[in-house]
Trainee: 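Can you read through this structure? Questions will come right after.
Keep in mind the model is a prediction, meaning the values are calculated, not measured. FYI, the numbering just counts along the sequence from 1.
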Amino acid sequence: MKKILTPILAASLIASGMGFTPLAAQSRSDQGEARKEMRAGNVLSLREIERRVLPTMRGAEYLGPAYDSTAMAYRLKFIRNGKVMFVDVDARTGRVLSRTR
């Protein structure tokens with residue numbers, strides 16, 4: 001019953017206009033926005049952001065980036081000794097906004 005209910009619920013939400021944007025689609029949208037802003041000269045490239053931040057994270061494995069088009073910020077994800085860490089960076093200036101440890 002649960003397997004049937006989920007598709008029915010999803011279909012009814014979409015039909016009612018209360019659908020959701022899948023995370024993968026949102027991610028592609030933010031990536032496109034990052035490229036557009038970089039071409040316009042409004043933000044630094046991901047490569048430039050990584051060039052500045054990665055050397056400061058010695059001993060941590062870099063897992064990858066995410067871009068938030070609303071905040072115009074990159075979030076770089078790392079793991080060290082089993083603990084996940086995030087470094088938020090202003091995409092316009094390259095300034096580190098926050099670090100979680």
Side-chain angles (χ1 to χ4, degrees):
M1 181 73 172
K2 201 176 217 179
K3 291 181 180 180
I4 295 171
L5 183 59
T6 303
I8 293 170
L9 179 60
S12 65
L13 285 172
I14 290 168
S16 70
M18 294 178 59
F20 59 93
T21 303
L23 186 58
Q26 181 180 9
S27 178
R28 283 191 301 271
S29 173
D30 280 344
Q31 288 172 357
E33 188 66 26
R35 275 188 229 98
K36 184 177 98 176
E37 292 292 342
M38 190 185 70
R39 283 192 297 264
N42 297 329
V43 300
L44 298 171
S45 72
L46 175 59
R47 297 287 179 244
E48 178 61 23
I49 298 291
E50 290 171 337
R51 187 186 68 72
R52 294 176 184 201
V53 175
L54 271 74
T56 70
M57 299 299 291
R58 300 239 187 269
E61 182 182 345
Y62 181 46
L63 300 176
Y67 180 72
D68 181 339
S69 60
T70 304
M72 292 183 82
Y74 285 99
R75 172 167 272 190
L76 307 183
K77 186 176 180 180
F78 297 87
I79 190 166
R80 181 187 299 143
N81 300 325
K83 185 173 181 181
V84 176
M85 301 170 291
F86 297 99
V87 178
D88 295 329
V89 182
D90 185 312
R92 293 164 287 208
T93 66
R95 185 175 64 89
V96 172
L97 301 171
S98 67
R99 293 177 190 259
T100 60
R101 296 213 183 246

Trainee: Verify the cluster assignment for Leu76 and Val84: are they in a single hydrophobic cluster under the rule of side-chain heavy atoms below 4.5 Å apart?
Mentor: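 No; tracing contacts between hydrophobic side chains, which count when under 4.5 Å, never links both residues.
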
Trainee: With Arg51, which residues qualify under side-chain hydrogen bond (donor to acceptor under 3.5 Å, both in side chains), at least two apart?
Mentor: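 side-chain hydrogen bond (donor to acceptor under 3.5 Å, both in side chains) list for Arg51, sorted by chain: Glu48.
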
Trainee: Please tabulate, for side-chain N and O atoms in residues 57-68, each donor-acceptor pair with protein atoms closer than 3.5 Å (sequence neighbours left out).
Mentor:
unit_1	atom_1	unit_2	atom_2	d
Tyr62	OH	Glu50	OE2	2.7
Asp68	OD1	Thr70	N	2.9
Asp68	OD1	Ala71	N	3.2

Trainee: Which residue pairs pass the salt bridge (Lys or Arg N to Asp or Glu O under 4.0 Å) test when at least one of the two sits in residues 70-84, sequence neighbours left out?
Mentor: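 Residue pairs with at least one partner in residues 70-84: Arg75-Asp88.
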
Trainee: With a 4.5 Å cut-off on side-chain heavy atoms, are Val89 and Arg52 touching?
Mentor: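 Answer no - side chains too far apart.
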
Trainee: Can you name the side-chain hydrogen bond (donor to acceptor under 3.5 Å, both in side chains) partners of Arg92, sequence neighbours left out?
Mentor: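 Counting only residues at least two positions away or on another chain, Arg92 forms a side-chain hydrogen bond (donor to acceptor under 3.5 Å, both in side chains) with Asp90.
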
Trainee: ring-ring contact (aromatic ring centres under 6.0 Å, His included): which pairs involve residues 80-101, sequence neighbours left out?
Mentor: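 Qualifying pairs: none.
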
Trainee: Which Ile, Leu, Val, Met, Phe, Trp or Tyr residues join Leu97 in one cluster when any pair of side-chain heavy atoms under 4.5 Å counts as a link?
Mentor: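 ILVMFWY cluster around Leu97 holds nothing else.
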
Trainee: CD1 of Ile49 to CG of Leu54: how many Å apart, nearest 0.5 Å?
Mentor: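 Taking CD1 in Ile49 and CG in Leu54, the distance rounds to 11.0 Å.
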
